[in-house]
Amino acid sequence: MRPQILFPLFAAITSLPGIGPKLAKLVEKVAGAHVVNLLWHLPYALIDRRYAPTLIQAEAGRIATVQVAVDEHQVPRNPRQPYRVLCHDATGSLTLVFFHARGDYLAKLLPVGEKRVVSGRIELFQNTLQMTHPDHVVPLSERDSVMRVEPVYGLTAGLAPKTFMRAIHHAVDNAPELAEWIDPALLKRETWPAWKAALIAAHNPTGDAELSTMSVPRRRLAYDELLAHQLAIAMVRNQNRALPGRRLKGDGKLQAKVKAALPYTLTGSQIQGIAEIAADMDSDTRMLRLLQGDVGSGKTVVALFAMLVAAEAKTQAALMAPTEILARQHFATLQPLAEAAGCRIVLLTGRDKGKARVRILEGLADGAIQMVVGTHALVQDDVEFNDLGLAVIDEQHRFGVHQRLTLASKGKGVHMLVMTATPIPRTLMLAAYGDMDASRLTEKPAGRKPIDTRTVQLERLDEVVDAVGRRVKEGARVYWVCPLIEESEVSDMAAAEERHAMLRGRYGERVGMVHGRMKGSERDKVMEAFASGHLDILVATTVIEVGVDVPQATVMVIEHAERFGLSQLHQLRGRVGRGDAASTCLLLYQNPLGETAKSRLSIMRETEDGFRIAEEDLRLRGAGELLGTRQSGLPEMRLADLAVHGDLLQIARDDARLILERDSKLANKRGEALRTLLYLFERDAGVKTLQSG
Ligand code: ADP
Ligand code: MG
């Protein structure tokens, strides 16, 4: 249970002054739905309002706070004309300018004959000083609250900066004082303030040094976040280790049969990965191993060998994939091979219903079935195993810790293999998973040709459409990925539909489309038609991003490539170049390109090495670009920036380990504070493992 002291922080943002249901939607979009999210929404710039000249001294172009008397309101006859309020001080005059103003509101804000403090940018227009839409207009008594260095927060259209700032500062000022969770020696060495003091300081910087992610209070907050995460992972990991493992020793017989049935030979890194996994399974501690490998590097067959080891040891194995399409594809790949070894393998997804499903469940429960491939349908309550020995999770970042643990809980001492196509740089690996064991597939299967990657301006769309037509005539199969428009599935779909209609107009029936809104069965039908060659061109939103395998596809067109993150582009490109024919990837971009987008596209042209791309991605994102975090499955960090807080990450990792060595149940006084920390950063899955373990 969440500690009571945190309740106000997890209240809805509508509990803050000035945030009604309508604004709440906007605030939620920029920061989050709970008060605590506003605490993490730190300012990114400053406005210095301490420049307070008389009007005669005021320099145009500068932000100034001036004290004026209100003389006259000039209400425009035409509403498209600006509303003007004339003011003066002892030295000169100033015109305040408002567009689309409400007169009654302005009359109240700036009553004629009274004095006001106004703050905003001074402009010189036709030889008169003016200020358009002052940021602040307050009575003289509130001068001090305006004349300061004001933090600037990231906004969204329709959200007034002042309202938002007030809500944030209310949240910060009313945050509770929390018991210290940081080791006193570290606190002293880093001269860190207490949590709440750090929070207040981070939201009230008075200069660039304090605004920096390197400032003392910000480093403390970053450390809190890193520590919460490292502690949570360490707890899960400890629990994993504490549970009795079981030795699963294969005799190699089934593996030998499959090796003989494979139409290719395994690569060196596949062989090594399989050996590492087999060694883990043949030990008393439970395996928790990450198998990393680029798209197309052949992870599935490595998973199969792990499953064969489980079967040789007379236990069952389950492979869970994030989507129906992927589960089906894995099943199609694995079935003939597993059966060549005499194993029974089944597919279980949300679509299996009635008698067929019951029969599968019976087979799993009585052990007649050795292997199952499925979606999250596998973690449903009524799925039981006779003796589950191994769980494999594909594209692990698509699942929560909870789903992983649930699958593992369906057996005793279940070994776990998680796979990801996102090669993760070492720092991020540590940040996301602590010191998890990992195997890397660094070699591509033999016979793969490099992909010819080109960038093309979107204005040349017509030429691209022609070129695609020529390639189709030569027998190519083409993916056409449509742009991500904001974060709305609806508009993504509209773009895909439009492109689909256009390509159909040109190339007829053999153009298909898949998108996220389609029913699973429809989508699979289209994918199958593409895979079997009944469609030449497949227009898609990013649903094809993960793992789908059509080796005959040789052309990938990505529209608005500048909107995708580097790892996402890499993943998409990985859909082609899977067979032995030469492949092309066309990245269509729209000018003007930002610096980061430019670098991303040029890296894509330069290399196909996923590990290098991952490093570059981190470097670019370190420069403030956060696109791609979600795709790569890394925890979203609000306060810590791994490009600048790498040293803190190491400390947090070691600290987390030490904490659990000394107080594995988080039972002492510091332990209690640490539990609060976990809840504060919503890493409560860690706390739950304490309770169950
Ligand atoms: P990943 O899941 O890593 O993206 P897959 O496991 O789907 O990759 O493998 C991609 C393709 O490569 C599949 O068609 C698979 O049959 C094939 N493949 C796997 N290993 C090899 C190998 N050693 N030699 C040739 N082809 C291979
Ligand atoms: Mg795969």
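One-based numbering, in listed order, for ligands and for the atoms of each. What you see is a predicted model; the values in this text were computed from it and never measured. Computed from heavy atoms alone, side chains included, the values below leave out hydrogens, waters and symmetry copies.
Atoms of ligand 1 found under 4.0 Å from any heavy atom of Thr267, numbered from 1 in the order shown, are 23 (N). Interface of Thr265 with ligand 1, defined as ligand atoms under 4.0 Å from a residue heavy atom, comprises 22 (C), 23 (N), 24 (N). Each of the following atoms of ligand 1 lies closer than 4.0 Å to a heavy atom of Ser297: 3 (O), 8 (O). Those atoms of ligand 1 with a heavy atom of Gly296 less than 4.0 angstrom away are 1 (P), 3 (O), 4 (O), 8 (O), 10 (C).
Of the options Asp382, Thr349, Asp352, a side chain to side chain donor-acceptor pair (under 3.5 Å) to Arg357 is made by Asp382 and by none of the others.
Among residues two or more places apart in sequence or in another chain, the salt bridge (Lys or Arg N to Asp or Glu O under 4.0 Å) test is passed with Arg477 by none.
Heavy-atom contacts from other residues, nucleotides or ligands closer than 6.0 Å to CZ of Arg247 number more than 12. Within 6.0 Å of CG on Asp284 lie more than 12 heavy atoms contributed by other residues, nucleotides or ligands. The environment of Lys410 atom NZ is dense: over 12 non-hydrogen atoms of other residues, nucleotides or ligands sit within 6.0 angstrom.
Using a 4.0 Å cutoff on heavy atoms, Gly293 does not count as a contact of ligand 1. Not a single heavy atom of Ala421 sits less than 4.0 Å from an atom of ligand 1. For the ligand labelled ligand 1, residue Glu443 lies outside the 4.0 Å heavy-atom shell.
Considering backbone and side-chain N/O of Gly298, one or more are found under 3.5 Å from N/O of ligand 1. For ligand 1, none of its N or O atoms has an N or O atom of Pro551 under 3.5 Å away.
At a heavy-atom cutoff of 4.0 Å, ligand 1 is contacted by the side chain of Arg448 but not by its backbone. Within the 4.0 Å heavy-atom criterion, neither part of Asp394 lies near ligand 1.
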Might you work through the side chain to side chain donor-acceptor pair (under 3.5 Å) test for Arg471 and Thr584, ending with a clear yes or no? CA-CA 10 Å; Arg471 292 294 292 269; Thr584 310; 2.9 Å; yes

Before you tell me yes or no, could you show the steps for His229 and Arg683 under side chain to side chain donor-acceptor pair (under 3.5 Å), namely the whole-Å CA-CA distance, both residues' side-chain angles and the distance that decides it to 0.1 Å? CA-CA 7 Å; His229 185 66; Arg683 303 280 191 242; 3.1 Å; yes

Could you walk me through whether Arg470 and Glu474 pass the salt bridge (charged side-chain N to carboxylate O under 4.0 Å, His left out) check? CA-CA 7 Å; Arg470 284 194 298 276; Glu474 294 159 16; over 6 Å; no

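One option in Met419, Arg575, Gln292, Lys299 has a heavy atom closer to atom 1 (P) of ligand 1 than any other, and that option is Lys299. Atom 2 (O) of ligand 1 has its nearest heavy-atom neighbour, among Thr333, Leu334, Thr300, Leu441, in Thr300.
In this model, a donor atom of one side chain and an acceptor atom of the other lie less than 3.5 Å apart for Glu276 and Ser439.
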